[in-house]
Amino acid sequence: MLSVAAAGLRARWTSLAGPLAALTLGVAVIATMALVLGAASDDPHRLPRRFAAAPAVVQADPNLRLRDRYGTPTAVPFAEQPALPAAALAAFPGAALDRTFPARLPGGPSDQVGHGWSSAAFAPYTLTSGRAPAHPGEIVTTAGGRPGQRVLVHTADRDGFYTVVGTARAPAGAAEVEHAVFFSDAEAARLSRPVDALVPAGHAAARRTAGLPGVRLLTGRDRALADPGALRDRADLASLTSFLGIAALLSASVSLYVTASAFGLSVARRRRELALLRTLGATPLQVVRSVGVEAVLIGVAGSAAGCVLGLSGGPLLARWLARHAMAPSWFTVPRTTACAVPLTLAFAAGVAVAVLAVVAASVRAATIRPAEALRAADAEPRGSGLPRRLLGLAALGFGAVLLLAVVTAAPDAVLDPKTDVELALLIVGGAVLLAPVLLPPLIRALTWPLTRGAGPGGLLARERVAAGSRQAAATVAPVMITLGLGLAVLGTTGTVQAAEDRGLHHQAAPADLVVLPSGAAGLPASLVARVRAVPGAAATAVTDTSVLAREPALTPFHLEAPAPVPFPAIAVDSPAVLGLRVRQGSLDGLNDATVALDRFWHKRVGQTVRLWLADGTPATLRITAVFDAEPGGPRLVLGPHRGGGAGPTRIYVRGDSTSLTAVKAALGPDHRADAEATAVPAARWAGGVTDRQADQTRVGLLVMIGIAAAYGAIGAVTTAATAISGRRGELALLRRIGTTRRQAFAFVCQEYALLVAAGALTAAGAAGIVLAGVRLAA
């Protein structure tokens, strides 16, 4: 059987070039995505920088560790690094303590941070001039200020003047992590009481840490997890993993659809050959085995080539993502033994798709009667098989039910790109499976004007599709898949973006100005106080944050999440200038002991909710108000001191022209470059935020749709080439009855143009169903 299959492959290698190319490219896409996903999900593959000279680092565990309702241990990451508990500080007497807090010099880098001088040895930082700070009013800088100069330093809670007594240089690598301002240890403790990390003095750190709950010991390469940017990188990689999961789902679905269509078309073109095997005495099982062995050989060859391409494509995609700020700047795909697992999965998926696609088609072909080998024409049964129709109807039905559930029960789910892609895959995939049934009537409608005295081209195309609807559907499947998914994903993304834009505008609707920080650390408390002190101006300081909550009533069906999940939230010092539609209660009662929730929590005023703040602090808060949530807006509104360690991210200001002018003056003269903040009109701020979000979305869509579209275009060419290569006898017959070469070429082009038009209409209709549902939910 193997020799027969090999001989068949040698004789028909030209007709198998299309399926082989489709399989190779499909496996390359899957391997590339799997490699990048594996690298993003793995531990940091970089060396420690901020704590490179420390033998070990002790930190609070940045994860909420508990057992879900099924008893399975789970870890949910916090949004911020928790402070070390007092028990950990007491367990390590004499340890060097590290505190990290916002500290910015006027004109200095926007991401400057403060430390105590003793932590400078962790990197290590070395003095380039002057001396170490010994008194509360002294600092050492790595960027900005000269020895002897007296400078103003903005911190989160207060501003103060300090004398620069030295400058320091960071080692290579540490300079990429932060721009530091070093204070004396006593002054650092005064400015920031929480301790972020410590370096133990002895060698018994592992034994002491084991007895402390909620504390972790980092040694070796794991010390990179204590770098100041590690938490941000973890969040970026988590977002990247989620995005790549969606992109992989979309790209893999397109590649699998196209590959299966290409192989199915290849088998369908061999009906007479398989009938001849039956005439020579081959049983249906032998026919299936013969075609299956060919599929294994092609699958192994194509999958191996695809894995080689993926091994080169993975690092290229990782660098592209890092260059477009969708991943940390150090992110890459290392070519190590860890690549074996993603490549093995991609290889197995390619072989499995080839075998399943061919076997599914060969089972149908094995039922051919031997007498069909004597037919002069190669015609297939009309319509599609019952299993395919049932599968297509099931996909459409399940997609419609899911879409209805999203619209009626959980409209917030429309903001989840994964849900939108799943809806598109189900409904567009169902349309592709039903294409043999849908295409013939569409072709008849499209060719009706062409059959009224305009030549035989339209009639030939119509009858050709009617006689071979399965092959026609396989030929146009790549176009339907790519166009349908592209329209659905692009359309839903635009709809969701517009809904989030409306929500952002509504939140800032009462404001005339929005005050924004010049740096990355938020607005200092002194500036907030100056703005609030302006006569005639009402102000609301807003801090964007995130909380973890296990809420038992996320939907009207009371489905409980198995573990706490993150929810976007804001902390405000006053609801005076905040555009929220309150349904129950009042925002006036908002303080650090209360919370306002959106109505989809199905809670009432006066009830309590238990949650974990951004830094892991557990809190039980009483509900003081219930409001209507806007798409993309906060799910909770917290009190002024519940926003985490960073300062407010913006201030909404409302007032008359005089007070607004005074607010701008309070930010600094003439909006100089070293000003602490800037003020912009509320409408321009909301538009700028949504524009930045749209830019990030466009970059993400470029990856998802770009790969899928490129692969779909190549798949369309390969399937068309496969189909045309099997029609040489038909075209030769047209030539024998007097058709010119030009007319034969025109017939083929007209037929494929009609097929593409019918497939595009079908795909657009399926995408329109998804878009209509998402628009209703948004």
Side-chain angles (χ1 to χ4, degrees), residues 58-88 100 156 192-197 212-216 225-226 230-239 242 412 522 542-555 559-573 590-598 600-603 607-627 629 633-649:
V58 177
Q59 270 192 330
D61 191 347
N63 301 290
L64 174 63
R65 299 189 182 274
L66 40 72
R67 293 183 180 272
D68 60 23
R69 60 179 177 177
Y70 307 110
T72 305
T74 183
V76 185
F78 297 123
E80 296 181 4
Q81 175 63 46
L84 277 169
T100 302
S192 176
R193 294 185 61 84
V195 177
D196 298 284
L212 296 172
V215 175
R216 64 176 181 174
L225 296 173
L231 219 59
R232 182 180 63 252
D233 290 347
R234 183 182 67 172
D236 291 344
L237 289 179
S239 300
S242 176
D412 268 9
V542 180
T543 304
D544 291 316
T545 185
S546 174
V547 300
L548 297 178
R550 181 194 280 115
E551 176 53 44
L554 290 177
T555 72
L559 300 177
E560 179 183 355
V565 293
F567 291 95
I570 59 174
V572 299
D573 61 352
L590 197 63
N591 53 50
D592 289 338
T594 59
V595 64
L597 301 175
D598 72 71
F600 293 110
W601 289 71
H602 304 285
K603 291 281 190 179
Q607 293 181 322
T608 60
V609 59
R610 185 169 182 259
L611 48 83
W612 289 263
L613 301 178
D615 59 358
T617 303
T620 300
L621 305 177
R622 181 177 57 85
I623 300 172
T624 187
V626 176
F627 60 89
R635 301 291 305 274
L636 305 94
V637 181
L638 305 169
H641 302 103
R642 299 294 194 177
T649 50

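Nothing fancy with the numbering, it's 1 onward along the sequence.
- Residue T649 holds its OG1 atom at 4.0 Å from CG of D544, rounded to the nearest 0.5 Å.
- Smallest separation of non-hydrogen atoms from A87 and L212: O-CD2, 4.2 Å.
- When all heavy atoms are compared, the tightest approach of L611 to A549 is CB-CB, 4.1 Å.
- Partners of S546 under the side chain to side chain donor-acceptor pair (under 3.5 Å) rule, at least two apart in sequence or in another chain, do not exist in this structure.
- The two residues T594 and L621 have their closest heavy-atom pair at O-CD1, 3.9 Å.
- Annotation: side chain to side chain donor-acceptor pair (under 3.5 Å) contacts of R622 (sequence neighbours excluded): none.
- Listed by chain and number, the residues in a side-chain contact (heavy atoms from CB on, under 4.5 Å) with Q81 are Q59, A60, P62, R216, L231 (sequence neighbours excluded).
- Distance check: N591 CG to T624 OG1 gives 7.5 Å after rounding to the nearest 0.5 Å.
- How far CG of L636 is from CD1 of I570: 10.0 Å, rounded to the nearest 0.5 Å.
- Residues in residues 563-573 take part in these side chain to side chain donor-acceptor pair (under 3.5 Å) pairs, two or more places apart or across chains: R532-D573.
- You'll find the side chain of W601 stays beyond 4.5 Å of the side chain of V626, heavy atoms only.
- Nearest approach of R635 to F627, heavy atoms of both residues: O-CZ, 3.8 Å.
- With contacts defined as side-chain heavy-atom distances shorter than 4.5 Å, the pair V595/I623 qualifies.
- Applying the salt bridge (charged side-chain N to carboxylate O under 4.0 Å, His left out) test to D196 and every residue at least two apart in sequence or in another chain returns nothing.
- Applying the salt bridge (charged side-chain N to carboxylate O under 4.0 Å, His left out) rule to R65 yields the partners D61; only residues at least two apart in sequence or on another chain are considered.
- Heavy-atom minimum distance, L590 versus A596: CD1-N, 3.9 Å.
- The two residues V542 and V572 have their closest heavy-atom pair at CG2-CG1, 4.0 Å.
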